[in-house]
Amino acid sequence: MPSILRHLSSVTSSGGLINKVDSFRQLHHNTNSLKSNHTLKHYLESGEPIKALLNFKQRFRESPSFVDSFSVLFAIKASSLAHKAPSFIGKQIHALVRKLGFHSVIQIQTSLVGFYSSVGDISSARQVFDETPEKQNVVLWTAMIAGYAENEKAVEAVEMFRRMEEERIELDEVIATVALSACADLGAVQMGEGIYSRCIKRKRRLGMDLTLRNSLLNMYVKAGDVEKARRVFDETLRKDVATYTSMIVGYALNGQAQESLELFKKMSQDSSVSPNDVTFIGVLMACSHGGLVEEGERQFRSMVEDYNLKPRDAHFGCMVDLLCRSGRLKDAHEFVNQMPVKPNAVIWRTLLGGCSLHGDVELGEEVQRRIFELDRGHVGDYVALSNIYAAKGMWDEKLRMRDRVKKRREPGKSWIEMGNIIAEFVSGGSDDDGKLMVGEISEVLKCLVACMTSYDYVVDNFNSSY
DNA sequence: GTATCGGGGC
């Protein structure tokens with residue numbers, strides 16, 4: 001059975017009357033529709049979402065009746081993938097969904113949730129979710145929770161996951177993977193372990209999903225628990241790129257440069273995997289944190305020459321960081337100027353950090369100008385330069401720089417997991433001292449815990465004035 | 001229809 005038909009039967013099996021009419025139209029009256037849906041699918045699979053959208057639009061104009069629930073599903077998917085396409089195209093397709101009565105098709109609603117999440121419009125995503133009549137469906141919840149997680153709303157993601165479990169919807173590997181990544185962002189290890197064990201209990205016989213194990217490994221890495229991460233790594237017999245990469249990054253982040261590089265070496269000897277560009281971010285980070293400049297330069301070259309991987313901003317950033325940390329500011333500057341792509345604000349900012357570290361006023365001033373050409377919004381850029389002035393005793397310049405700070409600092413967030421409670425803290429957002437004193441807050445939290453034991457999870461905001 | 005791997009800085 002061609003995959004498109006298999007797909008169709010899954011749509012009709014859960015759909016209502018409208019879908020049966022729709023599928024009837026597609027199968028019996030409209031072979032053209034089937035054929036052109038195949039074209040849409042082809043564009044999607046070959047990474048040409050814009051072409052898919054144009055194709056859809058043209059077809060809808062010429063013969064609207066050929067557009068069925070499948071075409072719409074592919075068009076939504078294309079809108080999510082086409083980062084360059086303006087988001088109103090997706091919204092137009094959403095309007096079309098309503099007009100054609102497809103909003104009762106759960107696959108379409110799920111895809112719409114994914115679309116709105118991909119353009120950062122999480123409230124519209126939530127609206128689609130809320131408007132979906134039949135919600136007893138893991139995949140719909142997965143799309144919504146993944147949307148929160150992708151848009152840096154891990155607390156909401158976790159909260160929603162808790163609600164999903166209350167609704168007695170069964171876990172699968174995908175939702176567990178998404179939930180673990182939200183837990184990783186919060187450092188909520190205990191909760192993540194619980195989710196993991198609940199999930200594998202059901203599926204023990206089928207063998208565990210590698211993606212799920214990787215996200216467990218990643219959670220330990222994010223929480224700084226390298227030992228537990230390594231245990232998961234060793235127990236995972238069939239490893240893929242992400243397994244190795246997470247572990248390599250884990251060592252690099254925790255200052256174990258040697259272990260990171262040794263693991264990379266071991267990975268190179270494993271013929272079943274080959275490193276990708278993310279792996280090299282980990283390798284370069286390890287070199288940077290370990291002060292291994294020559295090794296880093298060698299690896300960077302090897303990445304391009306031996307592995308044919310194209311360095312991205314992140315790799316250039318690692319190299320700048322590497323050169324800056326070892327005091328080679330001139331080389332770092334030259335490196336930035338010789339980059340084959342236009343350096344972004346983050347790269348310049350890394351260099352500014354290097355100037356701050358080594359007290360280079362002249363270069364710092366120039367770099368700050370380059371940053372301001374791209375982005376004037378960051379308070380930290382004023383602070384960095386004002387600190388360079390301060391270190392050199394240039395008090396007038398320092399004060400002038402501080403006076404130019406107009407915007408207040410973005411509030412910071414932090415989370416603490418204690419038992420089955422997650423508390424969120426939001427710092428005040430002042431521009432001088434918004435640091436969170438986690439130790440002190442946890443004392444406050446201990447008192448809170450005593451008062452709140454009747455809840456499973458409590459999400460709490462309060463301003464810290466420490 | 002849904003899924004994991006990214007720095008540094010005040």
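Ion pair A:K310/A:D277 not flagged as a salt bridge, since none of the NZ, NE, NH1 or NH2 atoms sits closer than 4.0 Å to an Asp/Glu carboxylate oxygen. One finds no salt bridge joining A:E366 and A:R369 here, because no Lys/Arg side-chain nitrogen approaches an Asp/Glu carboxylate oxygen to under 4.0 Å.
When each of A:T279, A:T236, A:D270 is checked for a side chain to side chain donor-acceptor pair (under 3.5 Å) with A:Y244, only A:D270 meets the rule.
Partners of A:E397 by salt bridge (Lys or Arg N to Asp or Glu O under 4.0 Å), not counting sequence neighbours: none found.
The distance from atom CD of A:E152 to atom P of B:dG6 is 13 Å, rounded to the nearest whole Å. For the pair A:I169 CD1 and B:dT2 P, the computed distance is 17 Å after rounding to whole Å. One can place CG of A:D321 at 11 Å from P of B:dG7, the figure rounded to the nearest angstrom. Following rounding to the nearest Å, A:F102 (CZ) and B:dG1 (P) show an atom-to-atom distance of 15 Å. Rounded to whole Å, atom C1' of B:dG8 lies 13 Å from atom CG of A:L322. As a whole-Å value, the separation of A:L212 CG from B:dA3 C1' is 10 Å. What separates NE2 of A:H103 from C1' of B:dG1 is a distance of 17 Å, to the nearest Å. Atom CG in A:D313 sits roughly 16 Å away from atom P in B:dG6 (whole-Å rounding).
There is no side-chain donor-acceptor pair under 3.5 Å between A:S215 and A:N218. Between the side chains of A:S71 and A:N37, a donor-acceptor pair is found at a separation under 3.5 Å.
Between A:R325 and B:dG8 there is a side-chain polar atom (N or O) within less than 4.0 angstrom of OP1 or OP2.
Sorted by first and then second residue, the side chain to side chain donor-acceptor pair (under 3.5 Å) pairs involving residues 133-147 of chain A (not counting sequence neighbours) form an empty list.
Side-chain N or O atoms of A:T245 include one that pairs as donor or acceptor with a backbone N or O of A:V241 at under 3.5 Å. Proximity of a side-chain donor or acceptor of A:H315 to a complementary backbone N or O of A:R312 within less than 3.5 Å is detected.
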Practice problem: Would you check, one step at a time, whether the test side chain to side chain contact (heavy atoms under 4.5 Å, CB included) holds for A:L292 with A:L261? | Solution: CA-CA 11 Å; A:L292 308 165; A:L261 293 174; 3.6 Å; yes

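The nucleotide whose nearest atom lies closest to any side-chain atom of A:T245 is, among B:dG1, B:dC5, B:dA3, B:dC5. Nearest nucleotide to the side chain of A:R349, out of B:dG6, B:dT2, B:dG8: B:dG8. Closest to the A:R312 side chain, of the nucleotides B:dG6, B:dA3, B:dG8, is B:dG6. When distances are taken from the side chain of A:S215 to each of B:dG1, B:dT4, B:dG8, the shortest belongs to B:dT4. Checking B:dG8, B:dT2, B:dT4 against every side-chain atom of A:T350, the shortest atom distance belongs to B:dG8. The side chain of A:H289 lies closest to B:dG8, out of B:dT4, B:dT2, B:dG8.
Aromatic ring centroids of A:Y43 and A:F74 lie 6.0 Å or more apart.
Base engagement by A:A314 is indicated by at least one non-hydrogen atom pair under 4.0 Å involving a base atom. A:V320 comes within 4.0 angstrom of nothing in the nucleic acid, heavy atoms only.
DNA chain B lies under 4.0 Å from at least one heavy atom of each of the following residues of residues 217-229 of chain A: A:N218, A:K222. Non-hydrogen atoms lying under 4.0 Å from DNA chain B are contributed by A:V249, A:L253, all within residues 248-261 of chain A. Sorted by residue number, the members of residues 128-146 of chain A with any non-hydrogen atom under 4.0 Å from DNA chain B read A:N137, A:V139, A:T142.
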For residues 111-122 of chain A, tabulate all N or O donor-acceptor pairs below 3.5 Å that involve a side-chain atom, not counting sequence neighbours.
residue: A:Y116; atom: OH; partner: A:H94; partner atom: ND1; Å: 2.8
residue: A:S117; atom: OG; partner: A:V113; partner atom: O; Å: 2.8
residue: A:S118; atom: OG; partner: A:F115; partner atom: O; Å: 2.7
residue: A:D121; atom: OD1; partner: A:S123; partner atom: OG; Å: 3.4
residue: A:D121; atom: OD1; partner: A:S124; partner atom: N; Å: 3.2
residue: A:D121; atom: OD1; partner: A:S124; partner atom: OG; Å: 3.1
residue: A:D121; atom: OD2; partner: A:S124; partner atom: OG; Å: 2.7

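Heavy-atom contacts from other residues, nucleotides or ligands closer than 6.0 Å to CD of A:E167 number more than 12.
For A:S111 against B:dG1, no side-chain N or O and base N or O form a donor-acceptor pair under 3.5 Å.
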